[in-house]
Amino acid sequence: MDIDKAGNEWQRCGDMDVMFDWLYDMSWDGVELENMRVACGQYGGPIGMVRDSRKMVVLRGGSSHPLVRIFNCAGRELARFMWEGNRIVALGWTNEQQLLIVDSTGQVNGYSIHGRKLPMEFSLGQAVESEEVAECRVYGSGVVALTLAGSLWAVTDLNDPRPQRMADVVLDGVPQCMEVTVSATHGVEVVLATGSSVFVVDAMEAVEPSVSIGTIVMMSVSPNGEFVGAFTEEGSLVVLASDFTQDYLTFEPPIEGPPLQMSWCGNDAVVLYFEGVIMLVGSFGDWLTFPTSEPVVLTTEMDGLRVISTSKHHFMRRVPRAMIDVFSEESTHGGRQLFLAREAFDSQDAQADKMLRDIHSMLAESINACIETSGVEFDTTKQRRLLKAACYGIAFCKGYPNSKLHQHCLKLRVLNTIREPTVGIPLTMDQMDSLTMPVVVARLVNAHEHLFALRVCEAVGMSQDTVLRHWACARISADESTTDDVALKDIIADKLSGCDGIRYATIAQHAQAQGRKELAALLLDYEACAADQVPLLVDLGEDQRALDRAVESGDTDLVYLTIFHMYKKMVGSDRFGDFMGAIHAKPLAHSLFLKYCKAQEPEVVEQVYLITGNSEGTAEMKFKEALSISLSIPDDPSGEENVAISNLRDKVAALLREASASYRETKKHDFQAKVAEEFALLRKDQAKLHHTTGRNMFVGLSTIDTIRQCIRLGNNQRAADLRRQFGISDKHFYWVKIRTLAEQGDWDALDDFASERRPPIGWEPFIQACVQNNAPMDRTGRFIDRIQPDSEAKMEWYARVGLHLLAARTAENLKNADMLTKIQGVVGANSSLGIRTAQMIDRLKRQQK
């Protein structure tokens with residue numbers, strides 16, 4: 001069968017049927033495939049080509065620089081550009097449909113399918129540049145290069161292109177062929193064939209499997225990575241396991257010489273292209289030939305082979321089982337019976353009912369066969385006939401899920417849409433399932449087929465956000481500043497207004513990258529997410545808008561981001577006042593900046609307070625500084641340090657006075673002003689005490705503790721002076737002095753203090769202090785004796801400290817028989833004091849009579 005006239009007839013090859021599906025009549029012109037280095041993307045990807053520098057070509061005027069052209073699968077030109085770099089050694093497509101071009105020095109450049117240079121630009125390393133590239137392969141996620149010196153270098157992650165040297169291998173000259181395999185278990189492996197040897201090289205080791213098939217001149221790896229097809233110098237095709245441990249087939253084609261190309265047709269057969277003929281070799285050595293009058297390019301797919309000639313684009317594949325079941329005349333499958341029943345029904349043939357009844361027990365299976373066959377069929381007319389047959393069967397199949405047919409039809413509509421020549425992505429159903437629908441939409445978007453992408457999203461219920469954002473970015477890139485920023489903003493906003501949740505920040509970022517900052521700023525007005533909006537406003541220099549939006553969001557991280565940017569920019573240009581003016585109107589921003597300065601740049605705090613007129617803050621800062629300096633003064637100074645320490649103390653006092661003055665300026669912090677002023681006086685007095693006593697025990701104490709220290713040292717006059725100076729009340733002073741003397745056990749001093757004058761707090765505090773500090777009983781009794789006249793409290797104190805006789809006498813005077821009885825119980829009725837107590841009780845009873 002002549003490939004140029006091939007339809008979709010089936011041909012038998014061993015255990016399988018093979019068919020050619022016509023895809024497109026190529027619309028390109030001026031393309032000479034035989035003189036081109038061609039790279040075809042997987043999964044119906046675009047076609048990139050450039051003149052093959054390895055072949056002699058007559059130049060017909062024009063530039064000597066190679067022209068790189070990019071087409072879709074229907075031959076519609078998408079881009080062209082001149083290559084001005086070094087000699088091209090490889091070009092290929094990544095999984096994201098980016099065209100990578102590798103030159104002889106190992107420099108890699110990336111291009112979009114529209115010929116736009118991408119940021120993806122990297123080198124395979126200095127070693128590759130110095131040794132030059134002998135062979136190179138571009139695969140879906142990386143690049144592998146072999147240098148003339150025999151070293152292998154790989155970049156296995158294009159998102160982080162770091163060249164990695166693979167294991168060293170000793171080669172006998174430049175290999176005849178090189179292939180790359182990628183697997184989940186072994187990662188990236190390179191298969192090299194040189195002479196009669198084969199090497200499998202990865203990052204860790206180079207293995208030379210035992211292969212005795214002769215000199216390999218051409219290799220091809222199956223899509224699933226399980227098989228390797230090798231063509232030998234002796235003219236044999238050998239199919240081996242990918243680890244070269246087993247050979248499955250040896251075939252000697254009836255055509256002399258090596259093929260021009262060798263590829264896999266799915267995982268089922270190997271296809272050899274000789275000049276003027278394509279030969280398909282099945283798994284058991286059966287073969288078919290297809291004459292062709294034009295040079296072709298073979299591209300392996302997971303389920304077939306794309307054959308591209310100058311005028312046609314075909315898809316060669318094994319006939320799917322479902323298609324055989326439905327369309328084969330020998331088939332007895334229920335799917336064929338259902339298909340024929342529907343055809344009969346459309347022809348108003350009464351046999352339709354009988355045929356339907358015959359397959360009633362297998363109706364669900366028959367429906368599935370028709371649905372599946374419609375998915376593998378390229379002809380839309382046959383698709384409709386098959387789907388009609390499925391609908392016909394569903395009408396009589398109780399419980400069959402209608403959603404299955406509905407979902408299948410949606411996927412089929414997508415397939416038929418993207419197969420249109422204007423789009424030119426000839427996917428099969430299996431390929432689309434492998435890619436997944438989001439990837440299909442991403443490829444449509446990448447091809448700038450935004451309308452098709454939107455329709456696909458609508459059909460399958462996917463979000464349209466990504467499509468619309470990409471359209472907006474493409475619209476900005478295509479405008480080239482011919483449209484006013486405001487007008488372009490209105491165009492974009494109008495198109496996106498019906499879609500909620502669009503991230504305008506992404507679009508604005510693209511506008512900024514295109515040099516249209518005003519457009520970016522206008523687009524950010526529509527961004528609802530402050531976390532995306534504020535950083536970009538900062539980058540655009542829209543500081544005030546960024547600050548407003550950050551404060552509105554309440555996100556302190558965003559506020560910090562903005563104020564730090566403004567602070568660094570304005571401080572560097574001596575515009576700190578302008579900066580403070582900008583944030584002073586924003587309480588949140590002002591408080592956060594102040595908090596930062598207090599923690600990290602305390603020297604800036606005073607400037608902030610002065611600029612904003614914050615007297616309270618100034619006072620607080622000076623007060624804290626005074627405390628800090630005070631705590632830093634050494635405890636036991638000596639020698640020359642006395643002068644320095646004296647200066648520090650003077651500075652503390654000065655800071656406290658300044659703090660007091662600042663507090664008074666606010667007119668509502670009189671208490672704080674008085675405290676600061678008194679604190680300054682206290683520190684001055686403490687310094688004097690330190691000097692006069694020679695003891696470092698005053699600095700840092702409170703007023704009361706300072707008075708207590710004076711009392712402990714016997715400096716009662718100085719303690720009294722401090723009491724008067726700081727307005728401590730008599731009662732408070734008495735309590736302090738009583739506790740201090742009692743804690744010290746200075747009972748004589750406590751007697752003297754009690755004798756000075758009648759205490760304003762009474763005698764009980766003296767008694768309590770004696771009791772709490774275990775004073776001698778007679779000392780405590782003296783203070784109890786001073787309670788006049790006799791009272792219940794006096795009686796209770798006598799009893800509490802153990803002066804039971806005095807307690808009994810006081811109880812008798814108070815005529816308190818109950819207390820007497822209680823005392824008698826404590827001392828014992830037979831004791832002398834118990835007998836005397838009993839006599840007191842008797843006298844009270846007689847008096848009561």
Side-chain angles (χ1 to χ4, degrees), residues 96-98 112-114 116 118-119 410 414 417-418 423 435-555 557-559 561-562:
E96 285 73 31
Q97 291 193 334
Q98 297 166 333
S112 72
I113 64 174
H114 299 285
R116 181 171 57 87
L118 300 174
L410 288 178
V414 172
T417 298
I418 64 178
V423 181
L435 282 179
T436 71
M437 194 61 70
V439 177
V440 173
V441 171
R443 292 199 169 195
L444 288 171
V445 168
N446 191 42
H448 289 186
E449 297 291 348
H450 298 99
L451 181 58
F452 281 122
L454 280 175
R455 288 177 176 172
V456 170
C457 290
E458 291 173 0
V460 300
M462 285 177 54
S463 172
Q464 302 177 5
D465 293 2
T466 303
V467 179
L468 293 172
R469 283 201 307 271
H470 192 280
W471 168 83
C473 294
R475 180 69 177 81
I476 293 171
S477 299
D479 185 74
E480 297 182 353
S481 301
T482 57
T483 306
D484 178 73
D485 288 336
V486 176
L488 186 54
K489 180 266 296 183
D490 291 339
I491 293 171
I492 293 173
D494 181 62
K495 289 288 186 183
L496 305 185
S497 60
C499 189
D500 297 331
I502 287 290
R503 292 184 58 190
Y504 283 88
T506 305
I507 305 171
Q509 192 171 17
H510 181 78
Q512 180 191 18
Q514 296 295 313
R516 305 190 67 166
K517 293 187 176 182
E518 181 62 29
L519 175 60
L522 292 171
L523 288 170
L524 283 175
D525 289 337
Y526 296 91
E527 177 56 60
C529 179
D532 294 332
Q533 184 186 38
V534 172
L536 195 52
L537 284 171
V538 169
D539 289 343
L540 292 170
E542 297 284 340
D543 296 341
Q544 191 59 51
R545 287 178 60 194
L547 182 60
D548 293 343
R549 188 68 183 91
V551 171
E552 288 174 11
S553 71
D555 189 329
D557 290 340
L558 293 178
V559 177
L561 172 70
T562 309

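This structure is a prediction, so every number in the text was calculated from the model and none was measured. Reckoned from all heavy atoms, side chains included, excluding hydrogens, waters and symmetry mates.
If you take CG on D548 and CD on E542, they are separated by 10.5 Å, rounding to the nearest 0.5 Å. To the nearest 0.5 angstrom, I502 atom CD1 is 8.5 Å from Q464 atom CD. From R475, atom CZ reaches atom NE2 of H510 across 11.5 Å, with rounding to the nearest 0.5 Å. Summarising the geometry, atom NE2 belonging to H114 is positioned 6.5 Å from atom CG belonging to N446; distances are rounded to the nearest 0.5 Å. Note: M437 CE to C457 SG = 9.5 Å, rounded to the nearest 0.5 Å. How far OH of Y504 is from CG of L496: 4.5 Å, rounded to the nearest 0.5 Å.
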(Q) Using side chain to side chain contact (heavy atoms under 4.5 Å, CB included), reason through L488 and R516 one step at a time and then give a plain yes or no. (A) CA-CA 11 Å; L488 186 54; R516 305 190 67 166; 3.5 Å; yes
After noting the C-alpha distance and the side-chain angles of L523 and I476, does the key distance pass the side chain to side chain contact (heavy atoms under 4.5 Å, CB included) rule? CA-CA 12 Å; L523 288 170; I476 293 171; 4.2 Å; yes
Quick one, R443 with L435, criterion side chain to side chain contact (heavy atoms under 4.5 Å, CB included). Give me CA distance, side-chain angles, the key distance, then yes/no. CA-CA 10 Å; R443 292 199 169 195; L435 282 179; 4.2 Å; yes
Is there a salt bridge (charged side-chain N to carboxylate O under 4.0 Å, His left out) between R503 and D465 once you walk through the steps?
CA-CA 8 Å; R503 292 184 58 190; D465 293 2; over 6 Å; no
Q.
Is there a side chain to side chain contact (heavy atoms under 4.5 Å, CB included) between V534 and S553? Walk through the geometry before answering.
A. CA-CA 10 Å; V534 172; S553 71; 5.7 Å; no
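Under a 3.5 Å cut-off, the side chain of Q533 and the backbone N or O of L524 do form a donor-acceptor pair. Judged by distance alone, with hydrogens and angles left aside, the side-chain atoms of Q514 form no donor-acceptor pair with the main-chain N or O of S477 at under 3.5 Å. Looking at Q512, its side chain never comes within 3.5 Å of a backbone N or O of A520 through a donor-acceptor pair.
Just one residue in the list V441, V467, V456, L454 forms a side-chain contact (heavy atoms from CB on, under 4.5 Å) with M462, and that residue is V441.
Between L444 and T417, every side-chain heavy-atom pair lies at or beyond the 4.5 Å cut-off.
Between V486 and D484 the shortest heavy-atom distance is N-OD2, 3.0 Å. Nearest heavy atoms, W471 versus I491: CH2-O, 4.4 Å. Residues A528 and R549 approach most closely at O-NH2, 3.0 Å, considering heavy atoms. Shown here for P535 and L558, the closest heavy-atom pair between the two residues is CD-CD2, 4.4 Å. Across A505 and L536, no two heavy atoms sit closer than the pair O-CD2, 3.5 Å. Considering every non-hydrogen atom in both D543 and V538, the closest pair reads OD1-O, 4.2 Å.
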